Amino acid sequence: MKAENAHRPLIGVYPGSFDPFHNGHLDIATRAAQVVDELIIGVYATPAKNLLFSTEERVQLWRESIAEQGLTNVRVEGYEGLSVDFARHTHSKVIVKGLRSVMDFEAEFQQALMNRKLAPEIEMLLMVSDQRYLFLSSSLLKEVAKLGGDPHDLVPAPVARALQRKFGKSSIE
Ligand code: ADP
């Protein structure tokens, strides 16, 4: 799916709440970054859910982890409003989403059809989760961290440290 010619790099956006992001999100971003020329992670500022991390914190956590991973063609921006408008604004042709289950598929399928209606020039790229992260969600991660569980295998180090700061559990080192 790479750009057809050198003059028009293929840009993709990967939108989400990422409150906080975890290894399942990082896996999708890493793989998507191998498909497009440039990937922009879009941190949605105002999701209809209670947030643990501010938009600035969610953006910063992604930035630290991307630098640690050496993902040179990935950058992070916060955004408000429609994902298709964010995609247009960033000259992206592709919106990337991750799929864990049939439930994810149903929601993303409906969203994809709405996005096509709103912005037919933008293509959805639905990527299947790695098996290791099928069970992983931000809400479950927060619950585990809140109750003192160790999230080290589930998130990059900057996110583990941020969860420790939020919940102050000694089990998260
Ligand atoms: P939302 O956009 O509903 O707030 P998230 O911020 O949790 O959801 O996730 C953003 C994107 O990452 C969505 O496309 C979601 O399906 C995907 N995603 C979430 N968890 C995983 C996972 N464990 N593996 C792969 N993709 C995931």
Side-chain angles (χ1 to χ4, degrees), residues 1 11-36 39-66 69 71 74-87 89-90 92-116 118-119 122-146 149-160 162-163 166:
M1 195 184 278
I11 305 171
V13 292
Y14 177 33
S17 311
F18 305 122
D19 183 49
F21 87 98
H22 51 61
N23 286 345
H25 295 131
L26 183 60
D27 172 64
I28 296 288
T30 305
R31 284 158 49 208
Q34 291 165 2
V35 176
V36 299
L39 184 71
I40 302 167
I41 292 168
V43 175
Y44 183 47
T46 52
K49 38 176 124 168
N50 289 330
L51 291 169
L52 179 63
F53 293 96
S54 68
T55 306
E56 293 70 29
E57 288 173 315
R58 289 177 286 139
V59 166
Q60 189 53 32
L61 286 174
W62 261 121
R63 286 192 178 142
E64 281 178 48
S65 304
I66 281 164
Q69 302 287 324
L71 295 170
V74 180
R75 62 188 169 91
V76 189
E77 285 181 28
Y79 77 100
E80 290 178 22
L82 293 170
S83 295
V84 288
D85 287 342
F86 178 62
H89 172 73
T90 53
S92 299
K93 281 272 171 244
V94 172
I95 295 177
V96 175
K97 299 304 296 274
L99 293 179
R100 283 162 297 190
S101 65
V102 175
M103 270 167 59
D104 270 357
F105 175 79
E106 284 191 2
E108 296 296 353
F109 185 63
Q110 195 178 12
Q111 184 69 58
L113 291 173
M114 177 58 82
N115 285 346
R116 184 177 296 157
L118 294 168
I122 293 171
E123 201 57 58
M124 299 295 298
L125 177 59
L126 302 183
M127 298 183 65
V128 174
S129 173
D130 186 288
Q131 281 188 40
R132 286 172 296 172
Y133 309 124
L134 284 176
F135 66 95
L136 190 49
S137 70
S138 296
S139 52
L140 190 54
L141 171 65
K142 284 182 281 193
E143 194 64 24
V144 166
K146 189 175 168 185
D150 184 351
H152 265 112
D153 288 347
L154 308 176
V155 294
V159 179
L163 286 167
K166 288 283 180 197

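This one's a predicted model, so the numbers in the text were calculated from it and none came from an experiment. Remember, it's 1-based here, ligands and their atoms both numbered in the order they're listed.
- A donor-acceptor pair under 3.5 Å is formed between the side chain of Arg100 and the backbone N or O of Leu136.
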Sequence neighbours left out, cut at 3.5 Å: what donor-acceptor pairs do the side chains of residues 92-99 make with other protein atoms?
unit_1 : atom_1 : unit_2 : atom_2 : d
Ser92  : OG     : Thr90  : OG1    : 2.9
Lys97  : NZ     : Glu108 : OE1    : 3.2
Lys97  : NZ     : Glu108 : OE2    : 3.3

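- The neighbour count for Phe135 CZ, taken as heavy atoms of other residues, nucleotides or ligands under 6.0 Å away, is above 12.
- Within the structure, salt bridge (charged side-chain N to carboxylate O under 4.0 Å, His left out) contacts touching residues 57-66 (residues at least two apart or in different chains) are Glu57-Lys166.
- Note on ring orientation: taking the six-membered ring where Trp is involved, the planes of Tyr14 and Phe18 are perpendicular (angle over 60°, cut-offs 30° and 60°).
- Under the side chain to side chain contact (heavy atoms under 4.5 Å, CB included) criterion, Lys142 pairs with Asp19, Pro20, Leu52, sequence neighbours left out.
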Give a table of atom pairs where an N or O of ligand 1 lies under 3.5 Å from a protein N or O.
unit_1   : atom_1 : unit_2 : atom_2 : d
ligand 1 : 4 (O)  : Ser17  : OG     : 2.4
ligand 1 : 4 (O)  : Lys49  : NZ     : 2.8
ligand 1 : 6 (O)  : Ser17  : N      : 2.9
ligand 1 : 6 (O)  : Phe18  : N      : 2.9
ligand 1 : 7 (O)  : His25  : NE2    : 3.4
ligand 1 : 9 (O)  : His25  : NE2    : 3.1
ligand 1 : 12 (O) : Tyr14  : OH     : 2.9
ligand 1 : 14 (O) : Gly98  : N      : 3.0
ligand 1 : 16 (O) : Gly98  : O      : 2.5
ligand 1 : 20 (N) : Arg100 : NH1    : 3.2
ligand 1 : 23 (N) : Tyr133 : O      : 2.7
ligand 1 : 23 (N) : Leu136 : O      : 2.9
ligand 1 : 24 (N) : Ser129 : OG     : 3.0

